**Student:** 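Shown below is the structure under consideration.
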Amino acid sequence: MPQNKFQLMLRFWHFINNEDSGNGRLCKIIGLLDHLNSTMDNVYCPNKNISIDESMMLWKRRLIFRQYVKNKRHKYGIKFYEHCESDGIVLKVKIYSGETTLGKHLLGQTGAIVLDLMEKFLGKGYHLYTDNFYNFF
């Protein structure tokens with residue numbers, strides 16, 4: 001496929017109607033993320049050992065919720081919170097968009113992220129492994 005044709009396809013590739021989009025920063029792709037996250041919940045049953053971690057996707061262009069972490073390999077990028085299995089299979093993804101996600105939880109930002117990602121697995125005998133970032137709530 002020619003590069004120009006591929007770039008033209010990317011320009012007009014939409015996941016939501018522009019008139020129906022909400023006010024959030026991720027409003028154009030939130031429907032796709034919700035579909036992918038719910039599909040993985042219905043199709044796959046993970047092992048007993050699961051983990052939550054954050055990762056960065058390299059992004060050097062301008063973006064309002066771009067992160068800078070000097071200890072990472074990719075210093076500038078988009079932060080993802082991932083709910084993974086011990087084999088490395090990603091079960092659920094949450095993208096940090098700079099907006100607060102406290103909602104109904106009173107455990108702070110990190111507590112809201114953990115409870116949102118672990119929503120389907122609470123009280124079912126799963127073992128959750130995290131790094132020091134999530135031990136503060």
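This structure is a prediction, so every number in the text was calculated from the model and none was measured.
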**Student:** Would Val114 and Leu122 show up in the same hydrophobic cluster when neighbours are defined by side-chain heavy atoms closer than 4.5 Å?
**Tutor:** yes

**Student:** If only atom types and distance count, is the side chain of Asp116 paired as donor or acceptor with the main-chain N or O of Ala112 below 3.5 Å?
**Tutor:** no

**Student:** Between Lys124 and Lys120, which heavy-atom pair has the shortest distance, and what is it?
**Tutor:** NZ-O, 3.1 Å

**Student:** Can you tell me if Asp53 uses its side chain to pair, donor with acceptor, with the backbone of Glu82 under 3.5 Å?
**Tutor:** no

**Student:** Each residue besides Leu8 in its hydrophobic cluster should be listed here, by chain and number; the cluster joins Ile, Leu, Val, Met, Phe, Trp and Tyr at side-chain heavy-atom distances under 4.5 Å.
**Tutor:** Phe12

**Student:** Checking side-chain contact (heavy atoms from CB on, under 4.5 Å) against Ile50, which of His127, Lys92, Met118 comes through?
**Tutor:** Met118

**Student:** Answer yes or no: is there a side-chain heavy-atom contact under 4.5 Å between Leu26 and Phe65?
**Tutor:** yes

**Student:** What's the spacing between Arg73 CZ and Ser55 OG if we round to 0.5 Å?
**Tutor:** 13.5 Å

**Student:** For the residue pair Tyr68 and Tyr76, does the interplanar ring angle fall in the parallel (under 30°), tilted (30 to 60°) or perpendicular (over 60°) class?
**Tutor:** tilted

**Student:** Classify the side-chain pair Tyr44/Glu85 by whether it contains a donor and acceptor separated by less than 3.5 Å.
**Tutor:** yes

**Student:** For Met56, what are the other residues in its hydrophobic cluster, where any two members join if their side-chain heavy atoms are less than 4.5 angstrom apart?
**Tutor:** Val69

**Student:** If hydrophobic clusters are built by linking Ile, Leu, Val, Met, Phe, Trp and Tyr wherever their side-chain heavy atoms come under 4.5 Å apart, do Leu58 and Val90 end up in the same one?
**Tutor:** no

**Student:** Hey, quick one: are Leu36 and Met57 part of the same hydrophobic cluster, counting side-chain heavy atoms closer than 4.5 Å, chains of contacts allowed?
**Tutor:** yes

**Student:** Do Leu63 and Ile78 have side-chain heavy atoms sitting under 4.5 Å apart?
**Tutor:** yes

**Student:** To the nearest 0.5 Å, tell me how far Tyr81 OH sits from Glu54 CD.
**Tutor:** 6.5 Å

**Student:** Answer yes or no: does atom CD1 of Ile64 have more than 12 heavy-atom neighbours from other residues, nucleotides or ligands under 6.0 Å?
**Tutor:** no

**Student:** Is there a path of hydrophobic side-chain contacts, each under 4.5 Å between heavy atoms, that joins Ile89 and Ile52?
**Tutor:** yes

**Student:** Apply side chain to side chain contact (heavy atoms under 4.5 Å, CB included) to residues Phe121 and Leu128 and explain how you reach the verdict.
**Tutor:** CA-CA 10 Å; Phe121 300 99; Leu128 176 65; over 6 Å; no

**Student:** Once rounded to the nearest 0.5 Å, what's the spacing between atom CG of Leu91 and atom CG of Leu117?
**Tutor:** 10.0 Å

**Student:** Does Ile113 share a hydrophobic cluster with Tyr129, counting links as ILVMFWY side-chain heavy atoms below 4.5 Å and allowing steps through other members?
**Tutor:** no

